[in-house]
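Down below is the structure, laid out as structure tokens.
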2 protein chains.
Amino acid sequence: MSTSTPLSPTARSTLGRHAERARLDRAELYAVLDEGLICHLGVMRSGAPVVLPTCYGRLNDTLYLHGSAGASSLRAGADTPVCVTVTLLDGLVYARSVMHHSANYRSAVVHGTPRRLVDEASKLRGLKAIVEHTTPGSWEHARQPNRKELAATSVLVLDLAEASVKVRTGPPVDDDADMSVGTAWAGVLPVQTTFGSPAPCPLLAANVPIPPHIAKRLG
Amino acid sequence: MSTSTPLSPTARSTLGRHAERARLDRAELYAVLDEGLICHLGVMRSGAPVVLPTCYGRLNDTLYLHGSAGASSLRAGADTPVCVTVTLLDGLVYARSVMHHSANYRSAVVHGTPRRLVDEASKLRGLKAIVEHTTPGSWEHARQPNRKELAATSVLVLDLAEASVKVRTGPPVDDDADMSVGTAWAGVLPVQTTFGSPAPCPLLAANVPIPPHIAKRLG
């Protein structure tokens with residue numbers, strides 16, 4: 001699939017409520033996934049859903065997840081259906097009535113059944129994607145995984161074949177009857193995610209500078 | 001249950017990996033839930049998990065969720081098991097080896113089977129909790145729900161009986177062998193969530209000031 005391949009809704013990736021918020025452009029899916037720092041992974045465990053935050057990475061139309069080879073969330077996730085959701089909260093929407101309060105956000109919801117990678121080269125590629133997504137530049141800067149670490153790590157891949165993107169932007173949408181009454185403030189309070197000043201490890205030598213790949217995240 | 005009632009782990013709320021990160025103090029559960037702006041709600045649909053971002057509120061040991069009476073996520077959620085997860089990402093942890101890269105975070109994971117509220121007074125109480133959690137001060141400032149809106153809205157309650165809290169803080173923890181080698185920077189890049197300048201609705205009269213309940217969120 002290329003960026004120009006639209007997202008083709010399936011039954012479960014078709015939005016029920018607020019279908020007008022759906023985006024079918026694959027580039028928008030990539031944009032949400034690439035901007036997010038963590039995802040929420042939903043798996044089944046003993047017949048009930050379990051939702052856990054975790055890191056991820058993306059290469060083209062593949063999403064990578066990882067964890068300890070013994071982690072129960074990944075044991076549950078491999079070869080059984082999962083849902084991976086990334087949400088970017090952009091603002092809180094204050095309306096003239098509380099029922100029209102809302103949030104501006106971009107969310108990506110990916111459905112699928114992950115496969116567990118076996119060969120070392122594929123696992124390394126997946127781990128690199130996760131590291132470079134979460135902490136870009138760290139793969140070359142820090143020590144890369146050795147064979148023992150690789151063996152102790154599960155890497156799962158999930159195809160981005162079945163996914164939906166939902167976006168809300170803009171001001172509140174109030175009822176006509178509320179437009180003229182009000183002294184209530186209405187608008188959007190932006191929510192921003194930023195990086196603070198890096199805090200060096202207390203055990204780090206004093207002469208190790210903050211490297212460019214971290215400095216440039218500080219904007 | 002009071003704040004002093006510890007969280008009593010059940011099979012599914014007992015942490016598998018990194019059990020040392022578990023917090024059993026109910027006040028820590030409340031703190032994570034109260035600081036979060038959105039949760040990720042996991043429900044089962046056609047045998048697969050679906051994870052969707054949504055607003056929520058808390059009153060004592062009750063979590064409230066809401067949605068359109070017709071929303072499929074809530075239809076699926078009432079009277080069937082759900083998982084509600086709130087994650088506060090506090091920092092990205094850069095280690096001397098990529099496999100010890102991590103994240104500092106506080107997460108709350110709540111398991112249970114929600115009930116759908118029926119009577120108007122209870123639904124109003126739940127909606128107020130959600131509004132006051134997400135946009136504190138809006139309940140009194142904006143128009144409150146009328147009976148028609150109330151009838152069109154589902155409000156679910158979930159007891160905070162079965163929940164876990166997981167917290168990671170502090171610098172990276174590297175292997176001894178990596179401590180002396182490195183020229184790699186190690187430490188924590190803080191992740192901060194802040195509010196930007198409120199953007200008034202274009203249809204708002206120019207003389208409506210930003211009210212104190214919003215101004216005070218700007219810190």
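Chain identifiers are assigned alphabetically (A, B, ...) following the order of the sequence lines, protein sequences preceding nucleic acid strands; residue numbering begins at 1 within each chain. Side chains are part of it too, since the values below use all heavy atoms of this structure and drop only hydrogens, waters and symmetry mates.
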Identify which part of [X] has an atom lying under 4.5 Å from any heavy atom of chain B, answering side chain, backbone, both or neither.
X      : result
A/L127 : side chain
A/A95  : backbone
A/V109 : side chain
A/I38  : side chain
A/L218 : side chain

Answer yes or no: is there an ion pair linking A/R143 with B/D175, defined by an N-O contact shorter than 4.0 Å? yes
Pairs of heavy atoms under 4.5 Å with chain A: top-ranked of B/C83, B/G170, B/A205: B/C83
Choice from B/S97, B/G187, B/P171 maximising heavy atom contacts with chain A below 4.5 Å: B/S97
Answer with side chain, backbone, both or neither: which region of [X] has an atom nearer than 4.5 Å to a non-hydrogen atom of chain A?
X      : answer
B/L92  : side chain
B/S107 : side chain
B/H141 : both
B/V131 : side chain

Distance-only donor-acceptor check, side chains A/S138 and B/H101, under 3.5 Å: yes
Return the [atom1] to [atom2] distance between [X] and [Y], rounded to the nearest 0.5 Å.
X      : Y      : atom1 : atom2 : result
B/N146 : A/M99  : CG    : CE    : 8.5 Å
A/C201 : B/Y94  : SG    : OH    : 14.5 Å
A/S164 : B/L52  : OG    : CG    : 8.0 Å
B/Y105 : A/L37  : OH    : CG    : 15.0 Å
B/W185 : A/L204 : CH2   : CG    : 7.5 Å

Taking all atoms of both residues into account, what is the closest heavy-atom pair of B/P49 and A/M44, and its distance? CD-CG, 3.9 Å
Using the side-chain hydrogen bond (donor to acceptor under 3.5 Å, both in side chains) rule, collect all pairs that involve residues 192-212 of chain A, keeping only residues at least two apart or in two chains. none
Which of parallel (below 30°), tilted (30 to 60°) and perpendicular (above 60°) describes A/H40 and B/H40? parallel
Given A/I214, A/I210, A/V51, A/T85, the one with more heavy-atom pairs under 4.5 angstrom with chain B than any other is A/V51
I need the residue from A/P198, A/A48, A/P190 with the largest number of non-hydrogen atom pairs under 4.5 Å to chain B. A/P190
Can you run down the salt bridge (charged side-chain N to carboxylate O under 4.0 Å, His left out) pairs that involve residues 206-219 of chain A, sequence neighbours left out, and say none if there aren't any? none
Working note: B/L203 + A/R96, criterion side chain to side chain contact (heavy atoms under 4.5 Å, CB included); need CA distance, chi angles, decisive distance, verdict. CA-CA 11 Å; B/L203 303 175; A/R96 292 155 186 88; 3.9 Å; yes
